[in-house]
Amino acid sequence: MLITDGVHQIDGVKGAHSYLITGAQPFLVDTGLPGQERRILAYFNKTGLDPSQLIGIILTHFDLDHVGSVETLAQRTQAPVYAHAADIPYILNKAPRPGLKRLLPFLTWPAYGRLRPPQEIKPLPTGMFYDWEILHTPGHTPGHIVLYRNGIGIVGDLLVGGTLKLAPWFFTWDNKLLKGSVAQFIERPLRWILPGHGPATPAANHWLDGMTKLIS
């Protein structure tokens with residue numbers, strides 16, 4: 001589903017939303033739960049994108065429902081995988097996911113398959129990825145990032161879409177840092193907030209005002 005300005009939310013992906021950015025430098029943001037690669041590749045075909053054209057797969061953070069299909073997609077597309085350096089050890093299974101998150105690979109395996117880490121991840125520094133700005137937004141995880149361009153924010157689990165709310169505290173690494181990251185993010189001009197969960201949300205002023213009260 002095309003949302004705006006060459007940004008597509010890929011239909012039918014289980015777990016977190018996966019976004020395809022088309023144009024001169026196409027790339028993918030997040031990959032859903034394990035076993036979602038067929039849906040994602042089918043959407044590439046629907047848009048006329050050859051998988052070999054993909055310049056990268058960006059992971060907003062280490063959660064299973066965002067990274068579940070990355071290894072297979074990286075093999076199929078030969079695209080490099082990027083994430084913030086602080087989250088790479090968790091994605092590669094070199095550090096245990098904190099709290100309840102360490103249980104999720106075992107709980108989802110019977111229905112969706114085993115979580116397999118990618119062979120390599122490139123550190124994604126704060127700055128620009130082509131014409132998208134990469135914002136380090138720690139809180140939900142240490143290396144959580146948001147992608148921002150021309151009023152569009154692809155926000156991972158920084159915010160839940162719809163009425164706009166914070167990710168649940170019991171799945172959040174540092175709630176105080178999360179609120180600080182949200183405060184910095186919503187200072188930017190916003191037209192669309194594209195979350196990992198919930199609908200793509202036009203950035204109405206009254207919702208953003210409510211978010212300001214929530215994090216104060």
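Both backbone and side-chain heavy atoms feed into the values below; hydrogens, waters and symmetry mates do not.
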R39 (side chain) donor-acceptor with G12 (main chain) under 3.5 angstrom: yes

F129 ring center near F27 ring center (under 6.0 Å): yes

Residues T201, W192; criterion side chain to side chain contact (heavy atoms under 4.5 Å, CB included); working and verdict: CA-CA 6 Å; T201 305; W192 281 95; 5.8 Å; no

Test item: T22 side-chain N/O and G6 main-chain N/O as donor-acceptor pair under 3.5 Å: yes

Minimum side-chain heavy-atom gap S18-L28 below 4.5 Å: yes

Stepwise ring-ring contact (aromatic ring centres under 6.0 Å, His included) test for H140 and H66: CA-CA 13 Å; H140 186 69; H66 292 253; 7.6 Å; no

Main-chain N/O of G32 paired with D30 side-chain donor or acceptor, under 3.5 Å: no

L54 reachable from V70 in the ILVMFWY side-chain graph, under 4.5 Å edges: yes

R38 atom CZ, over 12 foreign heavy atoms within 6.0 Å: no

In one Ile/Leu/Val/Met/Phe/Trp/Tyr side-chain cluster, 4.5 Å: I193, L166: yes

Residues, nucleotides or ligands: over 12 heavy atoms within 6.0 Å of K165 NZ: no

Interatomic distance, E37 atom CD to E71 atom CD [nearest 0.5 angstrom]: 9.0 Å

Side-chain heavy atoms of V182 within contact of L159, under 4.5 Å: yes

Pair D65 + K14: basic N to acidic O under 4.0 Å: no

Closest non-hydrogen atom pair, Q119 against Q75: NE2-NE2, 3.9 Å

W109 backbone acceptor or donor facing R114 side chain under 3.5 Å: no

Derivation and outcome, side chain to side chain contact (heavy atoms under 4.5 Å, CB included), residues I145 and L124: CA-CA 9 Å; I145 62 103; L124 187 66; 4.3 Å; yes

Considering all heavy atoms, the nearest Y82-G56 contact: CE1-CA, 4.1 Å

Interatomic distance, T31 atom OG1 to L59 atom CG [nearest 0.5 angstrom]: 6.0 Å

Q36 backbone acceptor or donor facing S69 side chain under 3.5 Å: yes

Heavy-atom check, side chain of L115 versus side chain of V67, under 4.5 Å: yes

Rounded distance (nearest 0.5 Å) linking atom CZ of F170 with atom NZ of K101: 10.5 Å

Polar contact flag, side-chain donor to acceptor under 3.5 angstrom, Y43-H8: yes

Side chains of I88 and K122 in contact at under 4.5 Å (non-hydrogen atoms): no

Worked verdict on I134 versus M128 for side chain to side chain contact (heavy atoms under 4.5 Å, CB included): CA-CA 6 Å; I134 304 299; M128 300 299 295; over 6 Å; no

Distance (rounded to the nearest 0.5 Å) between L41 CG and T72 OG1: 9.5 Å

Heavy-atom check, side chain of I121 versus side chain of L92, under 4.5 Å: yes

Closest approach of P118 to I91 (non-hydrogen atoms, all atoms of both residues): CD-CG2, 4.0 Å

Distance (rounded to the nearest 0.5 Å) between I21 CD1 and L147 CG: 7.0 Å

Option passing ring-ring contact (aromatic ring centres under 6.0 Å, His included) with H144 (candidates H84, H61, H136): H61

Heavy-atom closest pair, residues P98 and Y90: CD-CE2, 4.1 Å

Non-hydrogen atoms of D131 and R149 that approach each other most closely: OD2-NH1, 3.2 Å

Within-4.5 Å side-chain heavy-atom neighbours: I3 and Y19: yes

Single-linkage hydrophobic cluster, 4.5 Å side-chain cutoff, V81 and I40 together: yes

V29-I10 co-clustered via ILVMFWY side chain contacts under 4.5 Å: no

Salt bridge (charged side-chain N to carboxylate O under 4.0 Å, His left out) involving R188 - partner list, sequence neighbours excluded: E133

Beyond-backbone contact of H17 with V13, side-chain heavy atoms, under 4.5 angstrom: no

Cluster check F62, I57: I/L/V/M/F/W/Y, side chain < 4.5 angstrom: yes

Residues D50, F44; criterion side chain to side chain contact (heavy atoms under 4.5 Å, CB included); working and verdict: CA-CA 7 Å; D50 188 311; F44 287 7; over 6 Å; no

Ionic contact status for R97 with D63, cut-off 4.0 Å: no

Residue pair G196 / D157: nearest heavy atoms and the distance that separates them: CA-OD1, 4.3 Å

Atom pair CG/CD of L158 and Q184 - distance to nearest 0.5 Å: 10.5 Å

Heavy-atom donor-acceptor pair, T172 side chain to D174 backbone, under 3.5 Å: no

Within-4.5 Å side-chain heavy-atom neighbours: L178 and W169: no

